[in-house]
Amino acid sequence: MRKVGSKDTTPEMIVRKIAYKLGYRYRLHRKELPGNPDLAFIGRRKVIFVHGCFWHGHSMCKRARIPKTNRAYWSDKISKNTRRDEASLLALREMGWRAMVIWECELHDLRTLPMRIKEFLDG
Ligand SMILES: [Zn+2]
């Protein structure tokens with residue numbers, strides 16, 4: 001059974017649909033790859049992460065503001081996530097994979113995103 005709500009989040013679905021429409025085929029959440037990337041393009045050795053701004057601590061983003069209550073708890077939790085993300089990106093690079101991170105807040109401009117995805121995957 002798959003967990004509802006955690007894996008099929010809307011931002012990820014938006015990115016999946018764009019990649020699919022552009023003609024790319026991908027695998028989801030490959031456990032053998034560091035960070036379980038949301039989309040993995042195996043033959044191209046490329047992955048895409050779709051990150052929620054709050055949970056992944058998008059720097060300078062207003063969606064990533066730490067709540068005033070339990071501030072220490074949240075900043076600790078989110079900096080752990082951020083460090084884990086950085087470690088995953090580094091590990092992927094060492095394995096010869098390239099990674100693209102798409103932030104939730106970037107999904108508002110859907111005119112440029114398909115082009116960015118295409119450039120990343122074909123480049
Ligand atoms: Zn953001």
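We're numbering straight along the sequence, starting at 1. When a ligand or atom number is given, it counts from 1 through the structure's own listing order.
- Taking CG of Leu121 as the reference point, atom CG of Leu39 lies at 9.0 Å (rounded to 0.5 Å).
- Judged purely by atom type and a 3.5 angstrom limit, Lys46 has no side-chain atom pairing as donor or acceptor with the backbone of Phe41.
- Summarising the geometry, atom CZ belonging to Arg27 is positioned 10.5 Å from atom CG belonging to Leu33; distances are rounded to the nearest 0.5 Å.
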Identify every side-chain donor-acceptor pair in residues 55-64 under 3.5 Å, counting partners at least two apart or on other chains, and give the distances.
residue : atom : partner : partner atom : Å
His56   : ND1  : Asp85   : OD1          : 3.4
His56   : ND1  : Asp85   : OD2          : 2.6
Arg63   : NH1  : Glu104  : OE2          : 3.3
Arg63   : NH2  : His108  : NE2          : 2.5

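- Here the side chain of Asp38 pairs a donor or acceptor atom with the backbone of Val50 at under 3.5 angstrom.
- Of all protein atoms, those that are N, O or S and lie under 2.8 Å from the Zn ion (ligand 1) total 4.
- Here the side chain of Arg98 pairs no donor or acceptor atom with the backbone of Arg44 at under 3.5 angstrom.
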